[in-house]
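As the structure lists them, so they are numbered: ligands from 1, and atoms in each ligand from 1.
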Amino acid sequence: MTRVDVEARLAELASEAATCTACRLSEGRTQAVFADGSPDADIMFIGEGPGFYEDREGLPFVGKAGMLLNRLLGEVGLNRRDVYIANVVKCRPPGNRDPRPDEIEACKHFLVEQIRMVDPAVVMTMGNFATKLLLKTSTGITRTRGTVFPWWGRVVIPTFHPAAALRSGPAMADTIRGDLELAVRTADDRLAGPEPEGERSGLTDPEAEPPKQLGLFG
Ligand code: URA
């Protein structure tokens, strides 16, 4: 697929999300929040769902958690424009409550297609919702973070959600920074090395078997 094709498909998905009524979250949204950043990104970040400011502006991570994320990205030499940022659910849960399983299920196809289109070397899941969804695990973020999980021909590296670091304090922000450094190193290594035979086709090949230990979410 050319970059033009990828951008066209992402734009098509974004307009689908904008009018989606597949779950109750559509009732309270100002607008759907599809993504921000580059479709060419080597690292993709996945948060939980839009909050107040995201719902108002139509972009992910533009509130306080977003400011912390931007700062930490800068500290590891990344720019928000060069990564791709999306959420598990595209519409704001009322009062910033947790997204419910049926809402995540209804929205999941957008995320699957975003990952498939952007085709990042590294997916960084931020917090429990994104991590549990992708890794199909019930293990909490404290135990999964900072680990490189092979996932459908790429890798998933979980980290804490920046909002948790805002509540918890600077030590958690330091931990996220360390996990971001790991993501940068891992992406560099993967992009420098030979592409593993057939490995990256996991998401695009419907016949491909998910890795035994993880598997595609869904
Ligand atoms: N928290 C998230 O998980 N996503 C956003 O876009 C903003 C805050």
> Do Thr2 and Asp5 have side-chain N/O donor and acceptor atoms under 3.5 Å apart?
Replying inline: yes
> If Ile, Leu, Val, Met, Phe, Trp and Tyr residues are connected whenever their side-chain heavy atoms lie under 4.5 Å apart, and connections chain through other members, are Val122 and Phe45 in the same group?
Replying inline: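 Yes, Val122 connects to Phe45 through the hydrophobic network.
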> When you look at Glu181 and Arg185, which way does the salt bridge (charged side-chain N to carboxylate O under 4.0 Å, His left out) test go after all the steps?
Replying inline: CA-CA 6 Å; Glu181 282 165 348; Arg185 276 199 311 277; 5.1 Å; no
> Listed by chain and number, what are the side-chain contact (heavy atoms from CB on, under 4.5 Å) partners of Ile104, not counting sequence neighbours?
Replying inline: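 So Ile104 forms a side-chain contact (heavy atoms from CB on, under 4.5 Å) with Val88, Val89, Pro99, Phe129, Leu133.
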> With sequence neighbours left out, what residues match Arg29 under salt bridge (charged side-chain N to carboxylate O under 4.0 Å, His left out)?
Replying inline: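 Scan of Arg29 (salt bridge (charged side-chain N to carboxylate O under 4.0 Å, His left out), adjacent residues dropped) gives none.
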> With sequence neighbours excluded, what pairs up with Phe61 under the ring pair (Phe, Tyr, Trp, His ring centres under 6.0 Å) test?
Replying inline: His161
>> So if I only count non-hydrogen atoms and take anything under 4.0 Å from ligand 1, which residues does that give, chain by chain?
In response: Gly47, Glu48, Gly49, Glu54, Pro60, Phe61, Asn87, His161
